[in-house]
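Have a look at the structure below before the remarks.
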Protein chains: 2
Amino acid sequence: MGRIKGAKPSGSVTSHDVARLAKVSQATVSRVLRDDPRVRPQTRERVLKVLAETRYEPNAAARAFRAGRADSIGVVVARLSYQLYPAMLEAIGAQLARLGRRMIVWDSDHGGDAPAIRAFRQGVVDGVILTAATAESEFLREVNAEGSAVVLLNRTVADYASDQVSSDNLDGGRRVAEYLVACGRERIALIGGIPRASTIRDRERGFRKSLERLDRELPPHYYFRSETFSHASGEQAVTRLMELASPPDAIFCVNDVLAMGAMDGARARGARVPDDLWIVGYDDIEIASWGAYDLTTVRQPMELMVAQAIDLLLARIDQRDAPVRHKCLPNELVIRGSTARQTTPPSQPARKPRP
Amino acid sequence: MGRIKGAKPSGSVTSHDVARLAKVSQATVSRVLRDDPRVRPQTRERVLKVLAETRYEPNAAARAFRAGRADSIGVVVARLSYQLYPAMLEAIGAQLARLGRRMIVWDSDHGGDAPAIRAFRQGVVDGVILTAATAESEFLREVNAEGSAVVLLNRTVADYASDQVSSDNLDGGRRVAEYLVACGRERIALIGGIPRASTIRDRERGFRKSLERLDRELPPHYYFRSETFSHASGEQAVTRLMELASPPDAIFCVNDVLAMGAMDGARARGARVPDDLWIVGYDDIEIASWGAYDLTTVRQPMELMVAQAIDLLLARIDQRDAPVRHKCLPNELVIRGSTARQTTPPSQPARKPRP
DNA sequence: GGTCATTTTGAATTCGTAGTCATTTCTTGT
DNA sequence: ACAAGAAATGACTACGAATTCAAAATGACC
């Protein structure tokens with residue numbers, strides 16, 4: 001019981017239906033729904049009763065149409081196979097849900113930014129969080145042209161007029177370099193990646209610059225550029241490095257999966273970590289703490305980054321022409337068993353990188 | 001240039017604007033947009049030109065309102081930290097994108113099914129894929145009452161009138177049991193979980209039944225019920241099992257993360273895998289193939305399951321009162337280095353489980 | 001050149017909600 | 001008891017796209 005006879009298929013009860021049943025006008029129903037104080041308690045009561053009985057739900061399309069807002073936020077992600085991104089997505093989803101916003105997700109691996117562009121321009125979403133932007137992104141060009149509500153999360157792209165939130169990847173690279181040198185590592189190698197993403201570029205740059213500042217060199221044969229950021233790629237890279245006449249005694253990998261690949265590859269060739277080889281990753285994905293890897297890595301303040309990104313985005317939705325803001329949050333070096341068996345790690349925060 | 005003067009903020013060009021500029025009626029613009037053949041090529045040309053110049057995009061809310069469809073599908077996921085689920089989400093997203101549908105994601109860890117219920121009833125989504133349903137789910141009760149467009153993916157809940165797609169978890173459990181027994185394992189243990197999810201329940205049940213059929217026993221002290229399905233939980237479980245006077249020589253873990261935890265825990269206590277202890281997981285998440293674990297596990301036909309789930313859902317959206325369908329797809333045992341160093345594995349498909 | 005059929009176009013309408021504005025009902029003070 | 005003001009309510013409308021139905025334009029044919 002409690003169902004209304006004659007309701008249209010799929011139970012589409014409208015505010016008019018409710019009004020009729022409660023013997024009030026549709027306007028009054030609308031007022032009750034929106035908690036307008038200008039309704040007599042007695043009337044409100046009656047309407048609420050019918051609302052409950054009919055299990056009325058407002059038509060979202062009509063409401064969005066009328067209000068000009070979708071109450072949805074678009075999120076463009078990439079490579080959900082890399083644990084960092086699901087974690088980020090989870091955080092975004094949780095925080096948006098808390099704010100009463102829905103989350104529409106696009107995977108930039110399947111269609112790039114284009115669907116998100118269109119969705120935004122069609123009003124499907126009120127704003128977009130881009131977690132996978134690169135400088136070549138088509139979306140970013142659009143964004144730059146119009147005054148769209150977009151925030152880049154975990155990416156920075158200079159010259160683009162959108163809000164951006166990232167952690168200090170330059171500084172993260174620096175920390176790793178200083179840590180390895182301070183612990184007496186002699187032959188330090190780097191497994192990097194194609195520099196499309198700003199994160200990767202900055203980590204490498206920060207690492208290199210810091211080595212230079214410490215009068216160390218990163219010889220070309222100690223640098224491997226991975227194409228795919230995959231486990232296999234890390235294995236391949238470490239294999240090359242270990243074939244060298246003088247193999248490295250420490251490797252910084254620009255993300256954790258590369259590091260794990262490198263570790264598995266090194267072990268497969270008989271090397272012990274950390275006795276023979278130190279390995280450092282980046283991101284501190286969940287697996288990094290597991291026994292098999294126990295990986296020293298750099299952790300980004302994910303929840304905070306997400307919170308700030310959402311803050312910026314909602315503010316921009318409210319005010320499209322506000323000045324553009326860039327946020328850059330500090331990282332943390334997490335020292336685990338893949339390094340540091342021989343030397344005591346130095347006190348953490350050395351000096352600031354030059355501005 | 002190319003921007004239309006006087007257009008409302010955020011470039012909201014309407015079909016009326018386009019009509020005015022192209023000197024046709026709004027109806028004609030609508031016809032061009034929907035590729036109605038009843039437009040003279042010359043007129044169509046003119047309208048298309050203006051559409052391009054104004055960079056018109058239809059208002060999604062108005063369109064959804066009029067059409068009564070949202071062109072969005074809701075997906076309820078849980079525990080994105082477990083790699084299987086991001087992989088599933090990625091597959092769902094890719095396939096939906098190919099079909100021109102958007103994907104709205106809810107995390108059942110933050111709010112359960114309730115937001116998805118409401119979204120469906122408000123017409124925000126045309127249908128919902130539930131990947132994290134349990135028998136206690138509030139949504140399922142709703143679904144059972146109305147004739148909602150919902151499909152359960154990777155879950156089965158008897159007595160509920162919704163379409164369901166899963167793989168044969170009973171049979172997966174059976175395969176593992178038969179494999180371990182055929183390979184001569186003597187003391188076989190099981191690390192299971194709280195039986196809220198049908199998948200876990202079926203894996204355990206299939207495993208137990210198969211052991212019984214082979215005249216083996218699963219003594220209570222060889223069974224550990226994990227609460228959280230976490231790595232730590234696997235470690236804890238294996239620690240208990242290895243403290244036994246007669247520790248097991250093979251452990252089946254109902255998912256891969258438990259198995260990895262068990263493996264790390266076993267190794268931490270000095271056991272070698274597979275020499276001292278075999279470990280089998282379930283799901284074949286990406287990490288399972290990595291060198292550190294090289295885990296024998298059961299693989300589900302994920303892409304296929306997703307495809308079928310979407311098929312069922314779209315069919316149901318078209319026809320709400322069609323008979324309910326349940327699909328159950330076959331699994332595959334993937335044998336890797338965490339087992340099978342000593343014995344040759346038996347020919348794979350033994351016999352079918354009794355119907 | 002006129003008639004009829006066909007093609008093409010436009011005016012008007014619909015969808016459900018949330019506003020505006022006008023009207024009715026209630027309350028208060030005298 | 002009545003007026004004036006306040007409170008509560010209802011009639012009406014807009015939003016943008018798609019559709020219906022009617023009207024206009026075009027084409028074919030004799």
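Please read all numbers here as calculations on a predicted model, not as lab measurements.
- Going from atom CD of B/Gln42 over to atom P of D/dG27 covers 10 Å, rounded to whole Å.
- Residue contacts shown for B/Arg66 include a base, since a base heavy atom lies under 4.0 Å away.
- Judged by ring centres under 5.5 Å apart and planes tilted less than 30 degrees, A/Phe65 stacks against the six-membered base ring of D/dC15.
- Regarding contacts with the backbone of C/dT9, every side-chain N or O of B/Thr28 stays at 4.0 angstrom or more from both OP1 and OP2.
- Side-chain atoms of B/Gln26 stay outside donor-acceptor range of the base of C/dA11, with no qualifying N/O pair under 3.5 Å.
- Side chain of A/Gln164 to backbone of A/Val157: a donor-acceptor contact under 3.5 angstrom is found.
- B/Val29 comes within 4.0 angstrom of no nucleic acid atom, judged by non-hydrogen atoms across all strands.
- Here C/dT17 presents its P atom at 8 Å from CG of A/Leu33, a figure rounded to the nearest Å.
- When the nucleotides D/dT19, C/dG19, D/dT9 are ranked by their closest atom to the side chain of B/Arg34, D/dT19 comes out on top.
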May I have the list of side-chain donor-acceptor pairs in residues 41-48 of chain B shorter than 3.5 Å, sequence neighbours left out?
from: B/Arg44; atom 1: NH2; to: B/Asp36; atom 2: O; distance (Å): 2.7
from: B/Arg46; atom 1: NH1; to: B/Ala22; atom 2: O; distance (Å): 2.6

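- Between C/dT17 and A/Ser15, a contact under 4.0 Å exists linking OP1 or OP2 to a side-chain N or O.
- In this structure, the side chain of B/Thr131 engages the main chain of B/Val76 through a donor-acceptor pair within 3.5 Å.
- As rounded to whole Å, 10 Å separates atom C1' of C/dA18 from atom CG of A/Asp36.
- Relative to the axis of its first five pairs, the axis of the last five pairs of the helix from C/dG1-D/dC30 to C/dT30-D/dA1 sits at 40°, rounded to 10 degrees.
- Within the 3.5 Å criterion, the main-chain N or O of A/Ala315 finds no donor-acceptor partner in the side chain of A/Asp318.
- Checked against C/dA18, C/dT8, C/dG16, the side chain of A/Ser30 finds its nearest nucleotide in C/dA18.
- For A/Pro58, the side-chain contact (heavy atoms from CB on, under 4.5 Å) partners are A/Tyr56, A/Arg63, B/Gln122, not counting sequence neighbours.
- Nearer the 5' end of DNA chain D, as judged by each residue's closest nucleotide, is the contact made by B/Glu57, out of B/Arg40 and B/Glu57.
- The CZ-P distance, from B/Arg63 to D/dA17, rounds to 8 Å in whole Å.
- What separates CZ of B/Arg38 from P of D/dT26 is a distance of 18 Å, to the nearest Å.
- Taking every side-chain heavy atom of A/Ser25 into account, D/dT9 is the closest of D/dT9, C/dG10, D/dA17.
- Atom CD1 in B/Ile92 sits 8.5 Å away from atom CE in B/Met302 (nearest 0.5 Å).
- The nearest whole Å value for the distance from the CZ atom in B/Arg20 to the P atom in C/dA11 is 14 Å.
- The residue among A/Asn59 and B/Arg44 whose nearest nucleotide of DNA chain C lies closer to the 5′ end is B/Arg44.
- No donor-acceptor pair under 3.5 Å is formed between the side chain of A/Asp126 and the backbone N or O of A/Ile73.
- In this entry the distance linking NE2 of A/His16 with C1' of C/dT17 reads 9 Å, nearest Å.
- Here the side chain of A/Arg316 pairs a donor or acceptor atom with the backbone of A/Ala322 at under 3.5 angstrom.
- Rounded to whole Å, the distance from OH on A/Tyr56 to P on C/dT17 is 3 Å.
- Contacts of B/Arg31 with the nucleic acid, taken as non-hydrogen atoms under 4.0 Å apart, include base atoms.
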